[in-house]
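Both counts, for ligands and for their atoms, begin at 1 and track the order of listing.
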Amino acid sequence: MSLKGKKILLGVSGSIAAYKAALIVRLLIKQQAEVKVVMTESAKDFITPLTLSVLSKNPVFSSFFNDSDGTWNNHVELGLWADAIIVAPATAKTLSKCATGNCDDLLTAVYLSARCPVFFAPAMDADMFQHGTTKQNINTLISFGNHFIDPDHGELASGLTGEGRLAEPEKIIHELSLFFSRVPVAARKKVLITAGPTLEAIDPVRYIGNRSSGKMGYAIASAFAAAGASVTLISGPTNLKPADQSIKLHSVQSAKEMFEAASAEFEQHDVVIFAAAVADYTPKYVAEQKIKKQGLGMSLELTRTPDIAGTLGKLKKENQLLIGFALETENELQYAMDKLDRKNFDYIILNSLNDPGAGFAHDTNKITVIDKDKNVSRFNLKSKEDVARDILHIVLAKWMEA
Ligand code: C5P
């Protein structure tokens, strides 16, 4: 989600991290947001208004009155102009003033008169951040509905190491983008996603696996979480971490474990997306000890794994939406449509190994979506994040129709 056209008011207070305000403004402008900056007097000791004015393409405000021409800066107007306010860096003093309604400077007066969401990105020494007063002020501000972008842990201006470094500008922009990508209808929905490969043990050190990276399923989880849905991700072994802290992760190894986890979760979810590459077969017996090599060949007896999507598809309730994936190499559309019916999916997402850049381990994917009525929609090659958003939009459209 981009911040294009959003009106962002950046409040800068007096911390050494104020120099990062230049980077924040630059990133906002890059996303085509409109930016106005309000600085406290002490912020000017760390970065000049001129820098922020040139970068934001707007005058920078810091006092109620302009001595030069006798005009005043209307704090109410500034507060009402903004779609969001970010105070970054937010010092202990500015937090304290905002928490108590002490509005003796332009920034705190703008905060108090604003009706839009406000984000605070604190920056201060670790001990100041840990202090009960600061914690209490932060809790008060959270109880008023404000948002916080937590500081990072690391080296501080004091020479000490701890929590208090202003979050990196990219992270601040990411949090803001996430906020604007929230969709009210999604906030009431629960989404279950299976992702990654499954590993089927042969003995304590060997397994049968596949090349699934999990990227598609994790990207779908992020897209739905960013929209505000409550997301549960059941994942086989991958190198990935869910991008959003709100995503509930169940890590599993085998198809059987994935089946058990998905079955336990299935009923309470509105949408279930089967993005995992589940092994079709698993060794019939798992050797307790490492199998020794003997002779020139060996064979393994395999049995079928549970068909997670197929089994849960039979339990689907009327208000549930099921989405499956199909990775095909021939007769793609026909096989995908058969699978859609057989597994009782509402949509099947076909990715073909014949398309360069699509499928396993790539960062891109090219999908064709088929719905229950066999309508076929073809999408271009895109990043998996963009593909995930396309899938989100299909589901959002369905939710909004209901
Ligand atoms: O492997 P297959 O082509 O049948 O996979 C189609 C869909 O079914 C995918 O969405 C996959 O995640 C799901 N599936 C499953 N359990 C299996 C096999 C596949 O959930 N054992």
Please work out whether the ring planes of F148 and F120 are parallel, tilted or perpendicular, with thresholds of 30° and 60°. parallel

Closest heavy-atom pair, C98 versus T108, reported as atoms and distance to 0.1 Å, is SG-CG2, 3.9 Å

Identify the heavy atoms of G14 and T91 that sit nearest to each other, and give their distance. O-CG2, 3.4 Å

Tell me which protein heavy atom sits closest to [atom], plus the residue, atom name and distance to 0.1 Å.
atom	result
atom 10 (O) of ligand 1	F274 O, 2.6 Å
atom 2 (P) of ligand 1	K339 NZ, 3.7 Å
atom 1 (O) of ligand 1	D280 OD1, 3.9 Å
atom 7 (C) of ligand 1	F325 O, 3.1 Å
atom 4 (O) of ligand 1	K343 NZ, 2.8 Å

Taking 4.0 angstrom as the limit and counting only heavy atoms of [X], give me the atoms of ligand 1 inside it, by number and element.
X	answer
A309	8 (O), 13 (C), 15 (C), 16 (N), 20 (O)
A276	11 (C), 12 (O)
D307	15 (C), 16 (N), 17 (C), 21 (N)
G324	10 (O)
V278	15 (C), 16 (N), 17 (C), 18 (C), 21 (N)
I308	15 (C), 16 (N), 17 (C), 20 (O), 21 (N)

Intermediate values then yes/no, salt bridge (charged side-chain N to carboxylate O under 4.0 Å, His left out), K171 and E175: CA-CA 6 Å; K171 185 175 163 201; E175 294 283 326; 5.7 Å; no

Does the residue A326 have a heavy-atom contact with ligand 1, meaning some pair of atoms that are separated by less than 4.0 Å? no

Side chains of M39 and I47, heavy atoms from C-beta outward: is any pair under 4.5 Å? yes

Take atom CZ of F119 as the centre, draw a 6.0 Å sphere, and report whether it contains more than 12 heavy atoms from other residues, nucleotides or ligands. yes

For Q136, is the CD atom crowded, meaning more than 12 foreign heavy atoms sit under 6.0 Å from it? no

Region of P306 that comes within reach of ligand 1 [heavy atoms, distance under 4.0 Å]: backbone

May I have the step-by-step check of side chain to side chain contact (heavy atoms under 4.5 Å, CB included) for N137 and T133, ending in yes or no? CA-CA 6 Å; N137 288 333; T133 311; 3.9 Å; yes

Quick one: does D371's side chain have a donor or acceptor within less than 3.5 Å of a partner on D346's backbone? no

